[in-house]
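The chains referred to below are lettered A, B, ... by the order of the sequence lines, with proteins before strands, and numbering in each begins at 1.
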Amino acid sequence: MPSKTVNREERAPLVIVGMALAAVLFLNLPVFIIFVYAFTTDSQTFTFPLPGLTTQWFGIAAGRNDLWEALGLSIRVALLATVLAMLLGTLAAAAVSRSKFFGREAVSFLLVLPLALPGIVTGIALRQTMGVLDIPFSFFTIVVGHATFCMVIVYNNVLARFRRMSWSIMEASADLGANSWQTFRYVLLPSMSTALLAGGMLAFALSFDEVIVTTFTAGQDSTLPIWIFSQLTRPRDRPVTNVVALFVVLIMAIPILLSYRISQRDGETQLNR
Amino acid sequence: MSKSSTPAIQFKDVSRHFGDVRAVDHVDLQIADGEFFTMLGPSGSGKTTCLRMIAGFDQPTSGQIFLHGTDVSYLPPYEREVNTVFQDYALFPHMTVLDNVAYGLMVRNVPKDKRKAEAEKMLELVRLPGLGKRKPSQLSGGQRQRVALARALILKPRVLLLDEPLGALDLKLRQEMQLELKALQEQVGITFVYVTHDQEEALTMSDSLAVFNQGRIEQVGAPAEIYESPASEFVAGFVGVSNLIRGPLAKQITGSTATFSIRPEKIHILKAGEKPPSEAYSAGGLISDVIYLGMYTRYEVDLGGGNILTVAQQNLTTTKGKPLAAKGQQVQLFWEKDHAKQIGAK
């Protein structure tokens, strides 16, 4: 997004430009290092300068079945958790913003709480609950774990939209002869779609890289982040992890950028969590 | 559309309570077919709730509402032959102007070509031809207002409801739109029910109006009737300037202890040495304030005993500061007996 403030009377002082650059480097240099070492010929240690360049790790990574399984699992979990979150988050936002009921403030606080809670607490809580209820760990327990925080993301985004929306457009739609379904289809859904989409993409991204809650709810299955984590303890084929990380960054950049663009256009949806 | 003798809208003992709040309290009302009817009142007086009950956004706690003789009290909005122009226009922000106007036809599955042609026609009616491709956010307040009108009129409702539609416009535009709305109403010949808190607006446009106060109707009548013969102190004060004479002073002037209302422009100030006509009421007082307002000058005259009358004198000749010198002077006022209206008397 081009910034509108760039061409104002004076340029930013050099010190500030320098500081901004330093911040950008600080945040992104490590990612860059991962990229670089995906091409190293040294399979055990990270030495600098690189002893040589190779693309062999891409081939090795492609041949690892456990990697593909982990990736597939992560994508399926993220998709299902996101869909669940979009449904539940939207309904919760609608309830909190549109109706008055006893304990509404408390409900609204409890809904956002999972974001503030450390993942480790959520993880332990879920694991113990599943233990008490005798639920075996499976694909669905991972999804449920992810849905807890994904839902809050969608809820926050949609709630912000609902608070800003003029609800008389719903009345106007009914007034013009639209039944409830038509009003939903033609007025409500388009009005909240960008908030819903931005929330959904963020939720997907969060679920995709979640480690802590997953370790408590996954049992024997490995999602991609857990697979990467487990690779760190094995010194062989280190650059394979870097290749995977590189792809993860590239893949995740798409929904994040899209979601960023959408919120920029709307000037309202929250990107932070 | 032919006018029928059945009232377009009828309220039979309608109440709407929100918990302990009686937003609308035992209202009986008839609005004739083809009439420009205004519901006038301060905020919280129940006028908007009444409008919302006609539209179907709200339902009466008790009583019945009839549209052209049919009981619609509990019908949902989309089953009523009325359309609404909302205070904030409520245009669909994600649709073009043309799609906004055509919305009512779209949900009725009218073919695309036909509803487009129809919507273009409506845009011409509200004098916005060629703006169909824009988004509502690209329009000015006055233009949005017209789009909202076109959108509500495209279904050819028998009753159009307008909820303070001019509230957000500036004074000049508002006055223009008042006349335009009135002309439009005469052109399409349907019943307009108009809600406002602006008494001048109500007087300008209405065939008849109802003055609301605290959930009840204080008076229904033609603008002149309401202004000239207010039925209650509230009406006298809300429509026009409150000018009341009561108590001992009323007895001294009129011979009756009833409360009287007298409009400021009907009071004359005697020049020095003049005598009031014999067939008039007169009273003496002290000019406590003078306000020069361009077209006229307003005098506050203290008659004693807590009775202060506002007197309006047209500035027929160039006055250049002269009226202001009158402050603090003792003057004699008079007005014709007919113009002093006893509050509540028929």
Side-chain angles (χ1 to χ4, degrees), chain A residues 1 4 86 90 93-94 97-105 157-200 258-259 261-269, chain B residues 18-19 48 51-52 54-58 75-96 99-110 115 119 122 135-137 144 147-157 159-165 168:
Chain A
M1 280 258 132
K4 281 177 190 150
M86 281 163 95
T90 304
S97 72
R98 281 308 288 161
S99 45
K100 288 187 178 127
F101 51 87
F102 177 74
R104 186 177 69 166
E105 295 311 311
N157 271 286
V158 175
L159 188 69
R161 172 65 52 88
F162 280 174
R163 291 237 161 101
R164 220 189 56 154
M165 246 170 75
S166 154
W167 284 83
S168 54
I169 60 174
M170 314 275 281
E171 287 185 346
S173 172
D175 187 69
L176 292 163
N179 58 34
S180 309
W181 163 248
Q182 288 172 317
T183 297
F184 175 77
R185 164 79 185 74
Y186 297 123
V187 178
L188 180 59
L189 198 59
S191 304
M192 63 176 220
S193 61
T194 49
L196 192 60
L197 226 65
L258 275 178
S259 149
R261 279 293 289 273
I262 291 168
S263 3
Q264 285 277 306
R265 206 173 54 212
D266 288 5
E268 145 216 358
T269 328
Chain B
F18 297 98
T48 298
L51 194 84
R52 292 176 58 82
I54 302 174
F57 305 136
D58 213 333
L75 279 187
Y78 50 87
E79 286 176 19
R80 302 185 186 209
E81 259 188 273
V82 295
N83 289 116
T84 310
V85 175
F86 291 83
Q87 189 169 11
D88 63 354
Y89 316 140
L91 298 180
F92 308 125
H94 55 286
M95 294 184 197
T96 63
D99 286 343
N100 260 284
V101 177
Y103 187 81
L105 298 177
M106 197 254 302
V107 296
R108 276 176 182 70
N109 298 314
V110 174
R115 65 177 193 245
M122 293 314 298
K135 284 284 181 72
S137 57
R144 283 179 212 183
V147 175
L149 262 172
R151 185 180 68 174
L153 285 171
I154 200 166
L155 294 172
K156 306 199 167 31
V159 175
L160 183 72
L161 308 175
L162 302 104
D163 184 9
E164 309 216 14

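If you tally non-hydrogen atom pairs under 4.5 Å between each of A/Thr183, A/Leu176, A/Val187 and chain B, the highest count goes to A/Leu176. Chain B forms the most heavy-atom pairs under 4.5 Å with one residue out of A/Met165, A/Met170, A/Glu171, and that residue is A/Glu171. Residue with the most contacts toward chain B among A/Ala172, A/Ser191, A/Ser193: A/Ala172 (heavy-atom pairs, distance under 4.5 Å).
No side-chain donor-acceptor contact under 3.5 Å links B/Asp99 to the backbone of B/Met95.
Atom CZ of A/Arg185 sits in a sparse spot, with 12 or fewer heavy atoms from other residues, nucleotides or ligands closer than 6.0 Å.
Residue B/Asp88 touches chain A through its side chain alone, counting heavy-atom pairs closer than 4.5 Å.
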> What do the steps show when you test B/Val85 against B/Leu161 for side-chain contact (heavy atoms from CB on, under 4.5 Å), and what is the final call?
Replying inline: CA-CA 6 Å; B/Val85 175; B/Leu161 308 175; over 6 Å; no

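Cation-pi geometry between B/Arg151 and B/Phe92 is met: the NZ or CZ atom falls under 6.0 Å from the ring centre, inside 45° of the normal.
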